[in-house]
There are 2 protein chains.
Amino acid sequence: MGAENQDTNHLSSVKNALRILRSFTVDEPEKKVSDLSVSLGLNKSTVSRTMATLASEGFVYKDPETKKYRLGFSILSLSGIVNTTMDVYRESIQTLNKLVETTGETAHLSIIDQLEVIYLQKVECNHPVRFLTHVGRRNPLYCTSSGKVLLAYCQDEDLLEQVIQQGLNRFTKNTITDPQKLREQLKEIQKNGYAYSSEEYREGVNSIAAPVYDYRGKVIAALAVVGPKQRIPSQKINNIAKKVIYAASEISAKMGYR
Amino acid sequence: MGAENQDTNHLSSVKNALRILRSFTVDEPEKKVSDLSVSLGLNKSTVSRTMATLASEGFVYKDPETKKYRLGFSILSLSGIVNTTMDVYRESIQTLNKLVETTGETAHLSIIDQLEVIYLQKVECNHPVRFLTHVGRRNPLYCTSSGKVLLAYCQDEDLLEQVIQQGLNRFTKNTITDPQKLREQLKEIQKNGYAYSSEEYREGVNSIAAPVYDYRGKVIAALAVVGPKQRIPSQKINNIAKKVIYAASEISAKMGYR
DNA sequence: CACCATCGTTGCTTTATACGCAACAACAAT
DNA sequence: ATTGTTGTTGCGTATAAAGCAACGATGGTG
């Protein structure tokens, strides 16, 4: 049945290659053929040949000395196409710059993809950089301010249930793990027009996010400011929220929202 | 012969998939199965099945209404791994921010990849954004300031010859197309410690770049400031160059260069 | 330093996959 | 209303890809 993309209907050697690409992580940006063979359950000659093919097209790079592979710059080239061809990306850059200036903290723009938040755009503040997030990084929906905003305004009611179904895993002592509490908080976020996360995803890190609308009135992205709790204490959340909401509405206006 | 990656030794269905991915451009971010079939010389059922496989892993996304495909967010995720795991990327962010503040113009960091410049990092200035470059974009080596810096300091003497061999195509009336003039200019750049491009790649756009060294004294990246010629006239080049050189040396120091 | 283990590559064989054809439904164009 | 185009899918076949074994290179160990 064509409508359902069953595994049996896919090209297995292409899937192998894509699984290899997806196995690279920030924590493990270098991989050996033998390690991939074990972790993916593929024969080492299969991995070796697949890697050679990926390398020939610049999707991976083989260090001639260590024989380890890294992701290649063809990926960076393609990613430039992914985000710069998105209207919301282009329309948000100046506003993110201004928001970082007025709040003094890092700002980013994110959307939902595959039951997660993914960061499209990030502007760093002038404080020492700690790399809490990066463009392309995925984070959970239920315990990040951006994620909660996107959940709160999502028109697909099924999405929240799927996220809950997947499990609300605890990251810090502040993580919301009770589905009912999450539902209540999402209603509150709809009322307030913004969300915040107080150390819900990462110890010591707070963030505040507001929805970005498109011309049809659909929420298509979340704009957020993120920083250490010392610089974003509870008392400042309301003030920062006003700035984030204003900036988000600026982007929304550029997207044709009225 | 294993050392030479001959086409006949690669997995053809994987190559098909990678060729499909690479066919997307900023100018054509959406593709139809039938158009790809024609442009890549593949049967439409081959394209259709390959696309379905790429979509199942998030490498492309199919618009359910138009049936056109776009690149997917798995690519953005992987690109985040590509650049944030590079030392020079992490060590340069704050310096780029400062450089944009002191010069008032857009700055970016780039490296060489496959006989081209590729942009790893970009910080926009506060002027209206024109998207002359983006992270992941590739540009020629011989007529961009970053490219000329990387060529001037490249230890692989073959590289310049390969670039010349490929042809010095004219982009503007200022593009250097004479190999001998290019060689002379590269020597000059080594002397000056910076390069500039005066409308050599794009009409009305000037840029100034300086080399970034690693701990071994090898030039691994170029730091550049770019802007319209009205804001970066010839008279200001020397002054801006000083700032770029200083910023590049800051990054070099962080990379362990002394 | 010799020996053993591991890794990555490659020749080869076998089998299962991927390719292309044809047919079809849906939609667009005339 | 008719024709053309597109994308999907069943099917058959040829070939590509997977895995095995062997090998050379390199690393680890006693």
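In the text below, chain A, chain B and the rest are named by the order of the sequence lines, each starting its count at 1.
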To the nearest Å, how far apart are [X] [atom1] and [N] [atom2]?
X	N	atom1	atom2	answer
A/R19	D/dA18	CZ	P	11 Å
B/K32	C/dC27	NZ	P	15 Å
A/E65	D/dT26	CD	C1'	14 Å
B/K67	D/dT5	NZ	C1'	12 Å
B/I20	C/dC19	CD1	C1'	13 Å
A/M51	D/dA18	CE	P	14 Å
B/K31	D/dG7	NZ	C1'	17 Å
B/H10	D/dA17	NE2	C1'	14 Å

Sugar-phosphate, base or nothing in reach of B/N16, heavy atoms under 4.0 Å: sugar-phosphate

Of the listed nucleotides ([options]), which one gets closest to any side-chain atom of [X]?
X	options	result
A/K44	D/dT8, C/dC7, C/dC21	C/dC7
A/L11	C/dC21, C/dC19, D/dG7	C/dC19
B/K62	C/dC19, D/dG7, C/dT9	D/dG7
B/S48	C/dA18, C/dG20, D/dT8	D/dT8

Going by atom types only, do [X] and [Y] share a side-chain donor-acceptor pair under 3.5 Å?
X	Y	value
A/E250	A/T95	yes
B/D27	B/T25	no
B/T85	A/R70	yes

Does [X] make a side-chain N or O approach to OP1 or OP2 of [N] shorter than 4.0 Å?
X	N	result
A/S12	C/dA18	yes
A/S13	C/dA18	yes
A/S34	C/dT6	no
B/T46	C/dG20	yes

Side chain A/R49 and base C/dG8 donor-acceptor under 3.5 Å: no

Residue whose nearest DNA chain C nucleotide is more 5′ - B/N43 or A/Y69: A/Y69

Interatomic distance, A/L159 atom CG to A/I112 atom CD1 [nearest 0.5 angstrom]: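 If I round to the nearest 0.5 Å, the distance is 5.0 Å.
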
Ring centres under 6.0 angstrom apart (B/Y215, B/Y257):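 No, they do not, as the ring centres are separated by 6.0 Å or more.
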
